[in-house]
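Positions are given from 1 along the sequence. Numbering of ligands and ligand atoms starts at 1, following listing order.
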Amino acid sequence: MAEAKVLNHIKIPAKEILEDYRISVLSRETSLIGRKEVFMGKAKFGIFGDGKEVPQLAMARVFRNGDHRSGYYRDQTFMFAIGELTVQQYFAQLFAHTDIEADPSSAGRLMNSHFATRMLDEAGNWEKQTSLKNSSSDISPTGAQMSRLIGLAFASKLYRNNPDLKELKDFSINGNEIAFGTIGNAATSEGCFFEAVNAAGVLQIPMVLSVWDDGYGISVPNKYHTVKEDIGKVMMGFQRDNNSKGLEIFQVKGWDYLACIEVFEKATKLAREDHIPSLIHFTELTQPLGHSTSGSHERYKTKERLEWEGEYDCIKRFREWILESQIATEAELEIIEKESNLQAKAEKELAWAEYLESIKHDQIEAAKIITTVAQKSKYRREILKIKADLTKIHNPLKMDFFKAVKQTLILTRKEKIPQRQRLINWLSKINDDNQKFYSSHLYSESNNSSLKIQEVKPVYSEGSKIVDGREVLQAFFDKALERDKTVLAFGEDVGKIGDVNQAFAGLQKKHGDMRVMDTGIRETTIIGEGIGLSMRGLRPIAEIQYLDYLIFAIQTLSDDLATLHYRTKGGQKAPMIIRTRGHRLEGVWHSGSPMGMILNSLRGINVLVPRDMTMAAGFYNTMLKSDDPALIIEVLNGYRLKERIPDNLMDFTVPVGVPEILRRGSDITIVTYGAMCRIVMSAAEELEKIGISLEVIDVQTLIPFDINHKIVESLKKTNRIVFADEDVPGGASAYMMQKVLEEQNGYHYLDSKPITLTSKEHRPAYGSDGDYFSKANAEDVFDYVYAMMNEADPDRFPEIYNKNYHIPQWNPEVMDN
Ligand SMILES: Cc1ncc(C[n+]2csc(CCOP(=O)(O)OP(=O)(O)O)c2C)c(N)n1
Ligand SMILES: [Mg+2]
């Protein structure tokens with residue numbers, strides 16, 4: 001073995017080169033075997049990192065403790081090389097082994113090649129990131145790792161430039177950490193890629209982003225993806241120069257081991273020392289096994305292309321270079337290859353054996369108890385057949401024996417056999433286990449879960465000041481920034497003018513531009529920035545200017561933030577707060593309340609809907625103590641309404657999942673939230689005047705929803721219920737109805753048809769009349785409630801309108817008589 005010289009200035013011992021070669025071969029073997037396992041039916045789907053091994057080895061060489069990765073499904077070689085993934089763990093994920101030890105990335109929850117390191121201890125507290133190599137958890141939507149990458153890199157900038165954060169050595173040492181991104185060539189066509197690259201250039205953050213370019217995105221060649229078929233060339237406008245900041249753009253052939261090493265040396269020096277971001281375009285990479293196990297690339301690649309891919313396979317080139325440079329002999333390489341082959345096979349076998357073991361135990365147990373039932377049952381033959389079928393299954397799944405047990409219980413449903421009870425008990429245990437395997441950790445399960453934050457009621461005295469709602473928030477944010485140096489706020493117009501409604505007015509000046517910041521108009525990377533920062537120990541409040549514009553960020557919120565804790569089974573968290581304002585203003589894109597969309601896409605995030613700014617402040621207090629992420633939606637037309645500031649502004653908390661009864665009543669319960677609270681309360685006063693008593697409940701938080709089932713208690717009293725909001729029909733009002741009537745068994749107590757009162761299906765037209773005729777207003781509340789009472793007691797409440805006027809969207813009960 002000789003010592004290799006690299007580009008005259010970097011020397012790499014031959015031993016290290018051969019170790020790199022070993023990992024590349026081991027990784028390739030893993031891909032080859034993985035593919036076969038899928039075809040043998042032992043796993044559902046496989047996607048592998050073949051053809052991208054060499055540049056990943058180079059990336060691993062510069063990746064240090066404290067650094068972070070935000071990448072995608074091709075990065076297995078990198079994960080092996082940094083020592084954060086074993087081949088056995090790789091296969092455990094392929095087999096969907098539900099044990100965290102077996103698959104630390106996702107405990108069997110994610111399809112294969114979705115990598116993550118465990119950043120939390122068992123109690124849900126942060127590990128010391130600066131002693132670890134960190135990989136944020138991968139997600140499948142192409143390019144979606146880009147938004148989070150911005151936050152991971154931006155954190156280093158804050159840690160370096162904000163002296164108040166210097167103490168937090170678990171997360172950063174002087175902001176020296178780099179966030180490494182990886183993305184496929186085709187995924188660079190996504191909007192979030194361009195948004196993120198632009199943001200990185202503007203922010204000047206230590207990001208090193210690699211594009212693995214294999215010329216294709218599944219079957220579609222670069223011709224259809226990228227201008228000039230060359231993302232590196234396209235990016236040249238972002239290239240920094242002597243006069244202006246930007247990114248350093250590199251292009252390197254991905255099969256050239258030395259060039260890959262050199263480019264990472266250069267890029268990481270810029271990033272670590274000066275926080276200059278880079279984009280490295282690795283060209284001429286290949287897909288020896290095609291895109292995934294879903295099909296073969298022979299269908300869409302020409303013979304010439306396939307031949308070229310064979311010739312330019314990066315491991316083949318690496319091998320040739322090792323031989324040419326006389327770093328090792330053919331015989332030495334063959335030994336490495338053979339050993340790697342054996343190692344990959346052995347680790348696969350181990351992973352399979354352990355996976356089977358986790359299943360087999362229950363399979364055997366199920367078969368045993370089924371047999372004991374058979375012995376006592378008159379359906380003996382049928383049950384023994386169920387058992388025989390079960391034990392015959394070669395690659396059993398948990399659902400196989402779950403089904404067998406249920407079949408047995410159905411067959412014997414009329415029999416009084418004690419063994420049956422054992423089977424039921426066993427089923428119940430397995431059900432609970434599977435709950436833990438497949439449905440835990442959607443929300444925090446730590447001591448800082450938002451559900452565990454104790455309520456502290458607001459305290460008022462004669463001296464409590466009455467101010468505009470926005471001033472309540474301003475006073476709150478001021479003290480929150482003072483109290484906790486990890487809190488920071490950013491968004492469009494948040495910095496200099498202190499947000500469009502002035503809740504941060506003057507706070508940038510007071511707390512500095514590392515705490516209160518303006519951002520570009522880039523909603524999805526605003527959220528990504530929040531995710532990355534919160535994953536690195538900070539407490540970001542990321543602002544989306546108006547609720548309607550949350551739609552730009554729904555993908556990042558839904559796919560990344562909402563799933564993070566769940567998809568890592570509690571291995572990672574991002575306790576960020578998204579602040580926005582909505583419900584009522586004017587016009588099609590400023591008055592929306594798309595709450596159904598939010599509720600249906602953001603399970604995993606608390607959704608809090610305070611009716612005024614004091615409640616909002618209480619929720620900020622609660623969430624800043626918690627490690628759950630939250631979306632807090634302030635009422636857009638409430639900033640100038642007068643409120644009293646609680647004397648304990650910084651200490652009071654509003655509990656999540658606890659509705660508040662705003663008005664006691666006996667005839668009808670009306671359940672609402674946000675801006676509708678005021679509208680409903682004013683209608684309640686009018687109704688009171690004519691003898692109708694309304695009980696008004698503000699749910700306050702939509703996720704979680706009324707955890708103590710308080711609303712059904714009200715319904716038990718009134719026996720009539722209306723769910724009112726500003727969403728479309730069937731939106732959040734339907735969600736609330738399902739919660740109360742089905743989950744809380746409210747249907748038992750109904751004397752009238754339950755009703756939802758919502759906005760129209762279209763978005764609200766402009767102007768006050770547009771709002772009045774598009775959204776639910778106080779008169780609508782009055783009409784609905786009155787009509788309900790008219791149906792119930794027409795003598796006391798005679799019809800107000802005759803048949804010629806139809807109450808909008810009111811759908812009366814059609815009587816038979
Ligand atoms: C948003 C989204 N659209 C489509 C897909 C389906 N899909 C998975 S991988 C892929 C191709 C990605 O190609 P590229 O970015 O070049 O990465 P490669 O697989 O070639 O490494 C597509 C279209 C997806 N996962 N996400
Ligand atoms: Mg590609």
Once you measure the plane-to-plane angle for Y73 and H291, does it fall in the parallel (<30°), tilted (30-60°) or perpendicular (>60°) bin? perpendicular
Would E190 count as a contact residue for ligand 1, given that I'm defining contact as a non-hydrogen atom of the residue lying under 4.0 Å from a ligand atom? yes
For G184, the ligand 1 atoms whose distance to one of its heavy atoms is below 4.0 Å: 14 (P), 15 (O), 16 (O), 17 (O)
Is the shortest distance from a heavy atom of Y216 to ligand 1 less than 4.0 Å? yes
Could you please spell out the steps behind the salt bridge (charged side-chain N to carboxylate O under 4.0 Å, His left out) verdict for R272 and D67? CA-CA 10 Å; R272 252 187 246 291; D67 287 346; 2.8 Å; yes
Hey, which atoms in ligand 1 end up nearer than 4.0 Å to a heavy atom of Q287? 20 (O)
In D214, which N, O or S atom comes closest to the Mg ion (ligand 2)? OD1
State the atoms of ligand 1, each with its element, that fall below the 4.0 Å cut-off from a heavy-atom position in P141. 26 (N)
So, applying side chain to side chain donor-acceptor pair (under 3.5 Å) with S137, which one of R567, Q572, H114, R148 is it? R567
Under a 4.0 Å threshold between the charged nitrogen and the carboxylate oxygen, would E529 count as salt-bridged to R522? yes
Test: D20 and R61 ion pair at under 4.0 Å: yes
Angle at the Mg ion (ligand 2) between OD1 of N185 and O of Y216, to 10°? 100°
Considering Y73, Y72, F48, which one's heavy-atom position lies nearest to atom 12 (C) of ligand 1? Y73
Please evaluate residues S601 and S558 with respect to the criterion side chain to side chain donor-acceptor pair (under 3.5 Å), reporting the C-alpha separation (whole Å), side-chain torsions for both, the decisive distance (0.1 Å), and the verdict. CA-CA 6 Å; S601 57; S558 181; 4.8 Å; no
Would you say ligand 1 has an N or O under 3.5 Å from any N or O of D214? yes
With respect to atom 14 (P) of ligand 1, which of G215, A144, G51, A186 exhibits the smallest heavy-atom separation? A186
Could you say whether the N/O atoms of I218 and ligand 1 ever approach to under 3.5 Å? no
Check this for me: does any side-chain nitrogen of one of E177 and R536 sit under 4.0 Å from a carboxylate oxygen of the other? yes
So is there a nitrogen or oxygen of S140 less than 3.5 Å from a nitrogen or oxygen in ligand 1? yes
Can you find an N or O of A187 that's nearer than 3.5 Å to an N or O of ligand 1? yes
With respect to atom 1 (C) of ligand 1, which of D75, D213, T142 exhibits the smallest heavy-atom separation? T142
Flag for D213-H281: side-chain donor and acceptor within less than 3.5 Å: yes
Going by the order shown, which atoms of ligand 1 are within less than 4.0 Å of some heavy atom of R74? 18 (P), 19 (O), 21 (O)
Please write down residue, atom name and distance for the protein heavy atom closest to atom 13 (O) of ligand 1. G217 CA, 3.2 Å
Salt bridge flag under 4.0 Å for residues E248 and K266: no
What class does the angle between the rings of W321 and F318 fall in, given that below 30° is parallel, 30 to 60° is tilted and above 60° is perpendicular? parallel
